[in-house]
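Heads up, the thing below is written out as structure tokens.
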Amino acid sequence: MNNYQNHTKSASSKVKKEIAERVNVLLAKMSLEEKVAQLAQISGADFVPGPDAEEVLRKTGAGSLLWLNDTKRFNELQKIAIDESPSGIPVLFALDVIHGYRTIFPVPLAMASSWDPEVAVKSQAIAAKEARAAGIHWTFGPMIDIARDARWGRIVEGAGEDPYLGSAMAAAQVRGFQGEDISDPERVVACAKHFAGYGAAEGGRDYDEVFLSETELRNTYLPPFKAAVEAGVGTFMSAYMDLNHVPASASRWLLREVLREEWGFEGFVVSDAMAVGNLVVQGHARDNRDAAQRALVAGMNMDMAANAYTENLADLVNDGTLSMDLIDEMVRPILTIKAQMGLFENPYVDEGLLDEVVSRPEHKQTSRWAAQRSMVLLRNEDNLLPLSDKLKHVAVIGPVADSMAATEGSWMVFGHKPAAVTVLQGIKDKLSGAKVTFAPGPAIRRDFPSFFEEMFPESKIPEQTPAEIKAAFTEAVATAKDAELIIMVLGENADMAGEAASRGSLDLPGKQEELLKAVCALGKPVVLVLLNGRPLSINWASENVPAILEAWEPGTEGGHAVADILFGDVNPGGKLPVCFPRNGNHAPMYYGHTLSHQPEGHPQYSSRYWDSPTTPLYPFGYGLSYASFEFSNLTLSAAQIAAGKSLTVTAEVKNTSKVAGDEVVQLYIHQKWGTDSRPIRELKGFERVTLQPGESKTVRFELGEKELTYWSTNAGKWIQDTAAFDVWVGSDSQATLHAEFEVVA
Ligand code: BGC
């Protein structure tokens, strides 16, 4: 199996029927106020104005509570909801557990770089286990927005630019979080977010409006969401921004027509934080009452923290504007999820569980393994890597080299204290007999603080004076000068990617490139390790630094994983899930664009920009290994197939080196003509294989209706054309091993 598939095990129809009956019995007993309470998600944190959570739970109960991470408090609040609220319905406790609860895994963009869905399955299963032991029932993940603009900060939370890889990683994360069945007591309910199009924010500016044609949405941005539905995801979260002039959180087309009517989604939709209230701010609703009405009618089940539902829905029903049937329709899936997950039977968490669960050795082991598989080797001139463990004196230089926060990356749960093995520590652990010196160089920080800095002041990085910057720079160069080899660890702080963390440039922030140049000028061997949450335009490094490892934000065991790779205990095999533009001004950039009348790459046609090449610095799917591989024998089972039928593509990959290693075999197609213009290349299959020296393997892919169908602008529907197709199999999106076939009537 190489084309990805979803494995869904939905509840049996008997269980479904029993739960539906139970929910109907409950609903019949509930007052309007109790029902409205189930449609509200209340804040457990005091940074949001609003009524006191405990009082709300006592008075009406609530569908859910978020922004609290306190096991004991969960039980206290749950007891109030059950014993004191009129309905006695337990609360769902929700929090963003994006890439780990206590044990932190590589950020989702890094997980996608593994091109191994099992990395996501296993990592998110542990994240779920730890979160559930803490008392959390529901995570706001996976974030599965396709992102083709590296300036957009939230690119770090997703799986990159490609709908096929994105769908595979979306389904894998859902399986990891939820397991086989939502009733699994060691799992959490997942939430596919942000529906939909958020990653295409204009100019890469977070929250800005999005303009996407239906064709672009259906072919590129929606597939991961559909894959999440097919994988059985329990909930969805709507996006904040305007999509084609309608806030996604009030889009009937998205929430009802596509999600429920077409895809058959049976779970519930929560708004993004305050998004129902924001309908007023965004100039869509007249006031909170109007916002509540618009969101509910559009198909939004739960209002996250805006209190717009709580304050207005009962009135809207009482004055006849909204029907009780609509309220019941919106409450039903919320109660259904609660029943399916066994919350009525087991509403409390065992307070003694968490410490034991988070200290299980396999959690750290899995995190290290996931980080190893996620890293991408971008350059390795003259086989500088792997390094010898006989080195006597190594200097580790750079502002993120010893930063636990940068190693873990963005999106930690509330109250989390960074505790990662940094790259410096990882190298010290590996080279226990050698001298390892360290200097951070000048610190890096955002020019404009994020609003998160106000909420979590401990994350603030103090500003250095010009004299301090100069001193730090000089010290770093001096430290490097004495060493035999220098490992530069550069990139971004945790707050430089993520929500409200977009940037206009993709350059290394601060003085990092200057420092890199000064250190390289010493004439010693230099290895560059990147810790960052988005592609960076490392043009100078790509030509002047012999070895570059993209480690992303690798999590708790990140430093160990980096050292494992640098010293050859592990052979890197990750591949880029996004292309690296040469310049932030080139974004959005992605491999799957259509041809123009002057195809890029043709020697005569350089008319795109006159001041720089517009090809990516590193293409989608790219990544090196200490081994080398050769592709051959690309064979198609048929030269022609009838529309609706499939063919098999096989190709051989051989490890031609003397070391074992992993290669990701990638299959791309291009439809040569048809009802619409089709992308120059589209990923339609991949498989990460491990090969011993000299070993070869034949990899097999199926191409059929599913892979060859697309949403057509001209036809206004899903179609499969009769046309000729190119096929390529190889190690990245520029693969050259080629064959052709034709689909006939
Ligand atoms: C983010 C969501 C997140 C929510 C709850 C919002 O600001 O956009 O991704 O799940 O907050 O914390």
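We count ligands from 1, going down the list as the structure has it; atoms in each ligand are counted the same way. What you see is a predicted model, and the numbers here were worked out from it, not measured in a lab. In what follows, residues are counted from 1 in the order of the sequence shown.
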query = Quick one: does K226's side chain have a donor or acceptor within less than 3.5 Å of a partner on R218's backbone?
reply = no

message = Whether the side chain of N493 engages the backbone of I444 through a donor-acceptor N/O pair (distance < 3.5 Å, no angle test) should be reported.
response = yes

Atom indices of ligand 1, in the order listed, that fall short of 4.0 Å to a heavy atom of [X]:
X    : answer
K193 : 2 (C), 3 (C), 9 (O), 10 (O)
R154 : 1 (C), 2 (C), 8 (O), 9 (O)
H194 : 2 (C), 8 (O), 9 (O)

task = Using the test ring pair (Phe, Tyr, Trp, His ring centres under 6.0 Å), find all partners of W115 that sit at least two apart in sequence or belong to another chain.
result = F620, F686

query = Any nitrogen or oxygen of Y240, main chain or side chain, under 3.5 Å from a nitrogen or oxygen of ligand 1?
reply = yes

request  = May I ask you to check whether E157 has an N/O atom sitting below 3.5 Å from an N/O atom of ligand 1?
outcome  = no

request  = Starting from the C-alpha separation in whole Å, work towards a yes-or-no answer on salt bridge (Lys or Arg N to Asp or Glu O under 4.0 Å) for E55 and K59.
outcome  = CA-CA 6 Å; E55 268 169 41; K59 209 166 138 230; over 6 Å; no

key: Salt-bridge criterion met for E157 and R534 (N-O under 4.0 Å)   = no

ask   = Considering D272, L95, D96, which one's heavy-atom position lies nearest to atom 10 (O) of ligand 1?
value = D96

inquiry  = Given E499, M237, Q41, M304, identify the one with the heavy atom nearest to atom 7 (O) of ligand 1.
reply    = E499

What pairs of donor and acceptor atoms, side-chain ones from residues 276-286 against any protein atom, are under 3.5 angstrom apart with sequence neighbours left out?
{"residue": "N278", "atom": "ND2", "partner": "M274", "partner atom": "O", "Å": "3.4"}
{"residue": "Q282", "atom": "NE2", "partner": "Y240", "partner atom": "O", "Å": "3.1"}
{"residue": "Q282", "atom": "NE2", "partner": "D242", "partner atom": "OD1", "Å": "3.1"}

